[in-house]
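Structure record follows, encoded as structure tokens.
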Amino acid sequence: LHDVGIGTISSKDFSLVLRSKGKTKKTKQIDVLGIDGDTIFVVECKSKEVLGKKSLKKDIAEYSLNKRLIEAAIRNGLQKKGLEFVHVFATENIVWDDNDLIDAEENHIIVWNEYDLMALRELAKIAGEGAKYQIYNRVFFNKKLKDFEVKVPALKSSMGGITYYTFAAHPEDLLKISYVHHRSGRSTFVDLSNSYQRMIKWRRVKNIESFIQDGGFFPNSIIINFSRKLAKEEQIGDKKHLDQLSTASKPVAISLPPYYGCAWIIDGQHRLYGYADTEEKYSETVPVVAFVDINKSNKGRKGSSLEARLFVEINKNQKSIPPELLWDLYEDLYSQSTDELEVELYSISRIAKLLNNEPDSPFFNQIDIPQENNNGIISLYAICNTIKQQKLVNKREELLVKDSLEETIQYCYERLKIFFEIFRETLPDEWDAGELHYIKTN
């Protein structure tokens, strides 16, 4: 929390007085207290020496009984009302029981295990204070922001039958509601960190940050899609003057939707996050082109995500995005799509990563996946493109297709693993030779 700009208190001697009665005081030791404006993180830490199961049922029940008292004590201590509380159980070496996870969720307690914490550290290392916005948009996803009233003048226009708005906004306002991870709602922090690394290049963000602090600016528009309706839209000007304009665009005043994670950045991630660690995010403005729920306005393929297609087209046509990175991104871009082709691309991306990431796979750590820097000798493009060419998970061919998407992904992975395991077992020296022998090369 401290690494992303959230002030923290962490001490064995730090306790809150929950209730007093005469000389008797009921206290509660707080492991970590994070304070960021009106947002308060209360973190309870639990661990085991050796990895294994441990029941946290009593701990969750006791903590839940004290939640209101903890919040009241913090309000009194800070002398502030209207605080937003995030209660967290952070654990290490504990295999959570399913019932305990349900109890935690029902009592509005967030669970972070050691993998989440490592991912958060990695996210902070890559993004600095920009990581804070990603954390908030994950923790509070779809929740209404308090006191977020951003009203800006805009031009309302239409292109290809789809309405869009052009306006200028402070980077800080956009950072509060936008995200780069396409599955922000239910995804883990490991997913979030991995996706951030796929979508964002740390060095590029830092270069842009330095450029901004030296007085530089970018005239290019940031392109976003709001998944929620605008809070308000009002026409500016009278009909007489509007009829004299030579364009169909209309001047309007719009109020941005006040919800965490309601804006996906289709293009301009690096420019926006370049402002995250600067004071200029409060004073400067950036040009924005915004769509509103573009997928509902999509007149293209049934079930296709138009915002994902825009992302691919913009990056592929304007920036020559490497095919390996594109295959890496398909997992994020098409995770919600029901379009047949996009579902196939999503499946192939997942299968290739399973082949690389699973320890019992013959290709473990051998596939070169962008952003992972694992020095794999086989390109992600070679694996994915071959699966696609052979139509292994093509619905119409039905070669390795099962009833559900997840079954198809797992089934195809298992078949490929078994198939190539035969080569590894039969020709171990040739297989281990890597690029010195043709058997395991692109």
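Within the structure, salt bridge (Lys or Arg N to Asp or Glu O under 4.0 Å) pairs that include any residue of residues 71-91 comprise Asp38-Lys80, Glu71-Arg75, Glu84-Lys143 (at least two apart or interchain). The salt bridge (Lys or Arg N to Asp or Glu O under 4.0 Å) analysis of residues 354-364, with sequence neighbours excluded, yields the pairs Asp360-Lys417.
Side-chain atoms of Thr408 never come within 3.5 Å of backbone atoms of Val401 as a donor-acceptor pair (strictly under, hydrogens ignored). No donor-acceptor distance shorter than 3.5 angstrom exists from the side chain of Asp173 to the backbone of Ala169, with no hydrogens or angles considered. Not a single donor-acceptor pair under 3.5 Å links the side chain of Arg271 to the backbone N or O of Phe217. Without hydrogens or angle criteria, Gln79 side chain to Asn76 main chain gives no donor-acceptor distance under 3.5 Å. In this structure, the side chain of Ser337 does not engage the main chain of Glu342 through any donor-acceptor pair within 3.5 Å. When atom types are taken as modelled, the side chain of Asn357 and the backbone of Lys353 share a donor-acceptor pair closer than 3.5 angstrom. The backbone N or O of Tyr115 lies less than 3.5 Å from a partner atom in the side chain of Asn113, making a donor-acceptor pair. The main-chain N or O of Asp293 is found under 3.5 Å from a side-chain atom of Asn225 such that the two form a donor-acceptor pair. A distance-only check finds no donor-acceptor pair linking the side chain of Asp36 to the backbone of Thr39 [under 3.5 Å]. Side chain of Asn107 to main chain of Ala104: no donor-acceptor pair is present (N/O by atom type, distance under 3.5 Å, no hydrogens or angles).
Taking OH from Tyr411 and CG from Leu416, the interatomic distance works out to 11.0 Å, rounded to the nearest 0.5 Å. Here CG of Asn356 is found 9.0 Å from CD1 of Ile383. Values are rounded to the nearest 0.5 Å. For the atom pair CG of Leu78 and CD1 of Ile40, the computed distance is 5.5 Å after rounding to the nearest 0.5 Å. Atom CD of residue Glu209 and atom NZ of residue Lys281 lie 10.0 Å apart, to the nearest 0.5 angstrom. Taken to the nearest 0.5 Å, the CD1 atom of Ile266 stands 7.0 Å off from the CD1 atom of Ile223. A distance of 11.0 Å separates OH in Tyr275 from CG in Leu174, rounded to the nearest 0.5 Å.
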Would you list the atom pairs, donor with acceptor, under 3.5 Å between side chains in residues 148-156 and any protein atom, with sequence neighbours excluded?
{"residue": "Lys151", "atom": "NZ", "partner": "Glu234", "partner atom": "OE2", "Å": "2.7"}
{"residue": "Lys156", "atom": "NZ", "partner": "Glu233", "partner atom": "OE2", "Å": "3.0"}

Report, one line per pair, each donor and acceptor closer than 3.5 Å where one atom sits in a side chain of residues 42-51; sequence neighbours left out.
{"residue": "Glu44", "atom": "OE1", "partner": "Lys28", "partner atom": "NZ", "Å": "3.2"}
{"residue": "Glu44", "atom": "OE2", "partner": "Lys28", "partner atom": "NZ", "Å": "3.1"}
{"residue": "Lys46", "atom": "NZ", "partner": "Asp59", "partner atom": "OD1", "Å": "3.1"}
{"residue": "Lys48", "atom": "NZ", "partner": "Val50", "partner atom": "O", "Å": "3.1"}

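For Glu406 and Arg350, the salt-bridge test passes: some basic side-chain N is under 4.0 Å from an acidic carboxylate O. Salt-bridge annotation for Lys53 and Asp97: absent, with no side-chain N of the basic residue lying under 4.0 Å from a carboxylate O of the acidic one.
Counting non-hydrogen atoms of neighbouring residues, nucleotides and ligands closer than 6.0 angstrom, the NZ atom of Lys395 reaches no more than 12 such neighbours. No more than 12 heavy atoms of other residues, nucleotides or ligands lie within 6.0 Å of CZ in Arg68, so this atom counts as exposed by the packing criterion. Within a 6.0 Å radius of CZ in Phe211, other residues, nucleotides and ligands contribute more than 12 heavy atoms. Atom NZ of Lys206 has more than 12 neighbouring heavy atoms from other residues, nucleotides or ligands inside a 6.0 Å radius. Counting non-hydrogen atoms of neighbouring residues, nucleotides and ligands closer than 6.0 angstrom, the CD atom of Gln213 exceeds 12 such neighbours.
At a cut-off of 3.5 Å, with distance as the only test, no side-chain donor of Asn93 or Lys54 sits close to an acceptor on the other residue. Side-chain contact annotation: Thr91 with Trp112, donor-acceptor N/O pair under 3.5 Å absent.
Contact detail for Ile265 and Tyr273: the closest heavy-atom pair is CD1-CE1, 3.7 Å. Cys384 approaches Ser349 most closely through the heavy-atom pair SG-CA, 4.4 Å.
Residues Pro257 and Leu230 are in side-chain contact: their nearest non-hydrogen atoms beyond the backbone lie under 4.5 Å apart. A 4.5 Å side-chain heavy-atom check between Thr24 and Arg19 finds every atom pair outside the cut-off. Within the 4.5 Å cutoff, the side chain of Phe14 has heavy atoms near those of the Leu33 side chain. Using a 4.5 Å cut-off on side-chain heavy atoms (C-beta onward), Thr163 and Met159 make no contact. Within the 4.5 Å cutoff, no side-chain heavy atoms of Ile409 are placed close to those of Cys412.
Between Phe363 and Phe420, the gap from one ring centroid to the other is short of 6.0 Å. Here the two rings, on Tyr63 and Phe89, have centers that are under 6.0 Å apart. Taking the six-membered ring for Trp and the full ring otherwise, the centers of Tyr334 and Tyr346 sit at least 6.0 Å from each other.
By the 30° and 60° cut-offs, the orientation of the rings of Phe140 relative to Tyr136 is perpendicular. Phe167 and Phe226 have parallel rings, their planes meeting at less than 30° on a 0 to 90° scale where 60° marks the start of perpendicular.
For the side chain to side chain donor-acceptor pair (under 3.5 Å) test, residues two or more places apart in sequence or in another chain that qualify with Glu172 are Tyr133. Applying the side chain to side chain donor-acceptor pair (under 3.5 Å) criterion to Tyr381, with sequence neighbours excluded, gives Asn385.
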Chi angles and distances behind the side chain to side chain contact (heavy atoms under 4.5 Å, CB included) call for Val288, Ser221: CA-CA 5 Å; Val288 180; Ser221 293; over 6 Å; no
